[in-house]
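Everything quoted here is computed from the prediction, not taken from an experiment. The first residue in the sequence is number 1, and the count goes up from there.
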Amino acid sequence: GALGVSGLSARARLGTPRQLVAPPRRASSSRVDFPRAPAACFRPAHRVSSADARALGQCVRVTPAVSHGTRGACVTPKAAAKTTFDTATPSGYSTQFTKVRLRVFLSILIGYACYYLTRNSLTFTAPAMVATPGLGLDLTSIGVITSIFPLCYGCSKFVSGVVGDVLSPSVMLGGGLIATGLVNILFGASSTLPLFCLLWACNGILQGFGAPSCAKILTSWFAAKERGTYWGMWNIAHNLGGFAAPILAGTAARVLGWSWGLWAPGIIGVVFGTIIVLTLKDSPEAKGFEPVESAEELLAQDAGGASAASQKSESTEVSEPEPKLSLIENLFQNVLSNPFIWGLAFTYFCVYVIRQGITSWSVFYLIKEKGVVDAGAAALRVSGLELGGLLGSLCAGRISDWYIANSLGGAVGKRIQVVMGYLVGVFLSLLCFRAVPPGMPITQSAIVFMIGFFLYGPQMLIGLCGAEIVGRKSVGASEGFLGWIAYLGAANAGVPLSMLVQQHGWGAFFVALLSACVVAFALLAPITGAQSEVQRAAKAAATR
């Protein structure tokens with residue numbers, strides 16, 4: 001006989017094998033299948049709306065299906081997917097999912113730190129190469145080799161980000177690390193300047209595979225409410241790799257010969273890259289888990305409680321699959337056509353001008369203007385820049401997550417407001433660095449620490465905002481484009497700033513950096529209410 005929807009729900013919860021028959025209630029509907037056995041389902045016999053199907057959520061799961069020419073949703077046992085969520089745990093995630101996700105995070109953290117090992121290996125091996133008579137190299141030769149890298153790296157980061165949206169990020173991350181490790185090994189076995197230049201250009205191209213891949217994996221495995229914290233923790237890979245490179249490459253080159261300064265990081269890159277390719281998964285779905293967030297959850301969080309639940313229950317449409325875009329269509333439709341991305345990109349340009357300017361010229365500034373005796377003493381005073389950056393990144397991510405969780409509005413806009421606060425800190429720290437007297441080394445070191453703290457927070461959060469504002473399918477293209485613009489800014493902190501100092505003095509240098517802060521702040525001001533792609537999609541679905 002025919003039963004109403006309430007009767008159908010009761011029958012489903014009892015797990016009855018009997019087929020229930022009733023006329024369809026509406027054209028736009030969902031298909032309900034009941035399993036005879038764990039491996040089989042009955043043919044569709046009763047059709048209910050998507051809202052009614054979701055009422056069965058305690059015991060079944062709705063998945064897209066097509067039957068008899070009609071698109072609908074098949075209700076299948078929820079046990080088909082591994083459990084992602086568990087309200088009994090403090091984190092809200094199941095123990096199994098938490099362990100898997102921790103391994104994923106450690107993989108991308110260590111993997112990207114290894115990228116920095118193979119990137120900085122030449123910097124700390126170069127003195128041993130110049131001291132080797134058989135190579136015939138001098139400082140100018142080393143400068144020629146290293147000048148090729150940023151040009152290749154910036155372009156590669158853009159291209160690999162765009163291409164990475166249709167490729168497996170775990171394969172790109174691990175495969176790129178294997179390739180850059182092999183390049184380091186080949187470099188250590190070479191002996192001529194043209195070959196050195198060619199191999200280091202290849203290294204620059206391969207280094208661009210790392211960041212977009214990590215960004216895409218982070219966006220898939222971590223929900224918006226916690227993403228800032230984990231993105232900040234991942235960002236310390238820069239500092240870990242930068243810290244380990246002089247110890248590993250420098251020591252190996254000094255003790256075992258210059259070739260080992262390249263071989264040691266290269267071997268480590270190949271080993272860890274192979275582990276990543278074999279073990280890392282792109283997303284929770286690839287491991288059999290449910291996604292960490294959905295449009296409905298973001299809508300409920302943004303709208304607040306009962307009103308969101310009402311909107312959710314009234315929604316009766318099953319989402320249609322989005323059309324697949326080509327690489328160029330994805331780049332132009334989802335990234336370059338978004339004005340917020342351009343605002344973030346030019347802000348990134350300014351941030352990298354400041355970062356590279358401080359990194360490249362602070363030692364010279366201390367020697368010329370503050371009476372520091374030599375480069376070693378000056379380097380000691382600026383050594384806190386990376387440590388400050390590490391803490392600044394962690395705090396920026398945590399603060400932005402807390403801000404999003406405790407206030408309504410656009411998630412991306414909340415993070416941008418945190419960036420603006422950090423930029424004010426950069427501005428004030430630069431003023432202090434300019435004004436501090438020469439005879440106060442501890443104060444100078446503390447100010448450099450604070451510059452790093454406030455500078456690395458925006459560097460981390462701008463990339464995260466770019467990922468969230470375009471969504472999971474375009475994260476690679478967004479990160480690649482932002483990275484390309486950022487390294488154009490870094491390039492402008494080299495020769496242009498050096499010419500500015502030579503012609504107008506160090507006062508003009510600080511005017512340029514302070515102006516970059518002001519421009520970055522102004523660029524972000526119009527987008528402080530920006531919403532993430534998931535929030536926009538959820539609101540659009542609620543209004544249909």
Side-chain angles (χ1 to χ4, degrees), residues 215 219 222-232 235 293 295 298-299 301-304 334-355 392-430 453-471 474-475 478-479 481-483 485-486 489 514-540 542:
T219 307
F222 297 92
K225 63 184 179 182
E226 60 188 352
R227 194 174 295 142
T229 300
Y230 284 95
W231 199 292
N235 202 61
E293 62 183 355
L298 264 291
L299 178 61
Q301 190 179 46
D302 188 53
N334 296 337
V335 179
L336 298 184
S337 64
N338 191 325
F340 291 168
I341 288 293
W342 285 95
L344 292 173
F346 288 122
T347 302
Y348 227 5
F349 181 96
C350 296
V351 168
Y352 265 73
V353 167
I354 302 168
R355 176 195 170 188
S393 297
L394 293 175
C395 290
R398 186 61 181 169
I399 290 170
S400 66
D401 281 349
W402 173 86
Y403 193 19
I404 291 170
N406 290 276
S407 59
L408 300 177
V412 174
K414 300 299 181 186
R415 299 198 199 278
I416 287 174
Q417 292 172 38
V418 175
V419 171
M420 295 173 71
Y422 267 67
L423 287 174
V424 172
V426 174
F427 187 93
L428 296 177
S429 298
L430 288 173
F453 181 92
F454 287 117
L455 188 56
Y456 278 77
Q459 176 200 326
M460 182 274 293
L461 282 180
I462 291 172
L464 173 55
C465 289
E468 291 185 331
I469 212 165
V470 299
S474 304
V475 168
S478 172
E479 292 301 297
F481 176 67
L482 292 176
I485 298 296
L514 292 171
S515 299
C517 276
V518 173
V519 172
F521 192 94
L523 287 168
L524 293 178
I527 55 178
T528 53
Q531 295 179 329
S532 69
E533 189 273 339
V534 177
Q535 286 178 315
R536 297 195 306 273
K539 289 194 173 182

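The distance from atom OH of Y456 to atom CG of N235, rounded to the nearest 0.5 Å, is 9.0 Å. With rounding to the nearest 0.5 angstrom, the CG atom of L524 is 11.5 Å from the CZ atom of F340. To the nearest 0.5 Å, atom CZ of residue F427 and atom CD1 of residue I354 are 10.0 Å apart. For the atom pair OG1 (T219) and OH (Y230), the distance works out to 15.0 Å, reported to the nearest 0.5 Å.
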List the steps and the verdict of side-chain contact (heavy atoms from CB on, under 4.5 Å) for L455 and V351. CA-CA 7 Å; L455 188 56; V351 168; 4.2 Å; yes
Can V419 and L423 be said to form a side-chain contact (heavy atoms from CB on, under 4.5 Å), step by step? CA-CA 6 Å; V419 171; L423 287 174; 4.2 Å; yes
Is there a side-chain contact (heavy atoms from CB on, under 4.5 Å) between V412 and I527? Walk through the geometry before answering. CA-CA 9 Å; V412 174; I527 55 178; over 6 Å; no
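The shortest non-hydrogen separation linking L430 to C517 is CD1-SG, 4.2 Å. Nearest heavy-atom pair, I469 versus A530, reported as atom, atom and distance to 0.1 Å: CD1-CB, 4.1 Å. Residues I404 and A411 share a closest heavy-atom pair of CD1-O, 3.6 Å. Summarising the geometry of V418 relative to A396, their closest heavy-atom pair is CG1-O, 4.3 Å, with the distance given to 0.1 Å. Taking each heavy atom of I485 and F346 in turn, the nearest pair found is CG2-N, 4.5 Å. Between E479 and A215, the closest heavy-atom pair is CG-CB, 3.4 Å.
When the shell of 6.0 Å around CZ of R536 is examined, it contains more than 12 heavy atoms from other residues, nucleotides or ligands.
In this structure Y348 satisfies the ring-ring contact (aromatic ring centres under 6.0 Å, His included) test together with Y352, sequence neighbours excluded. Residues forming a ring-ring contact (aromatic ring centres under 6.0 Å, His included) with F454 (at least two apart in sequence, or on another chain): Y422.
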Name each donor-acceptor pair under 3.5 Å that joins a side chain in residues 457-468 to protein atoms two or more places apart or in another chain, with its distance.
from	atom 1	to	atom 2	distance (Å)
E468	OE1	R415	NE	3.0
E468	OE2	R227	NH1	2.9
E468	OE2	R415	NH2	3.2

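Checking side-chain atoms of K414 against main-chain N and O of L408 turns up a donor-acceptor pair under 3.5 Å. Put simply, the side chain of S407 gets close to the backbone of Y403: a donor and an acceptor are under 3.5 Å apart.
Proximity of V424 to L428: side-chain heavy atoms (C-beta onward) are separated by under 4.5 Å at one or more points. Contact check for T229 versus R398: side-chain heavy atoms found under the 4.5 Å cut-off. A heavy-atom distance below 4.5 Å is found between the side chains of L344 and I416.
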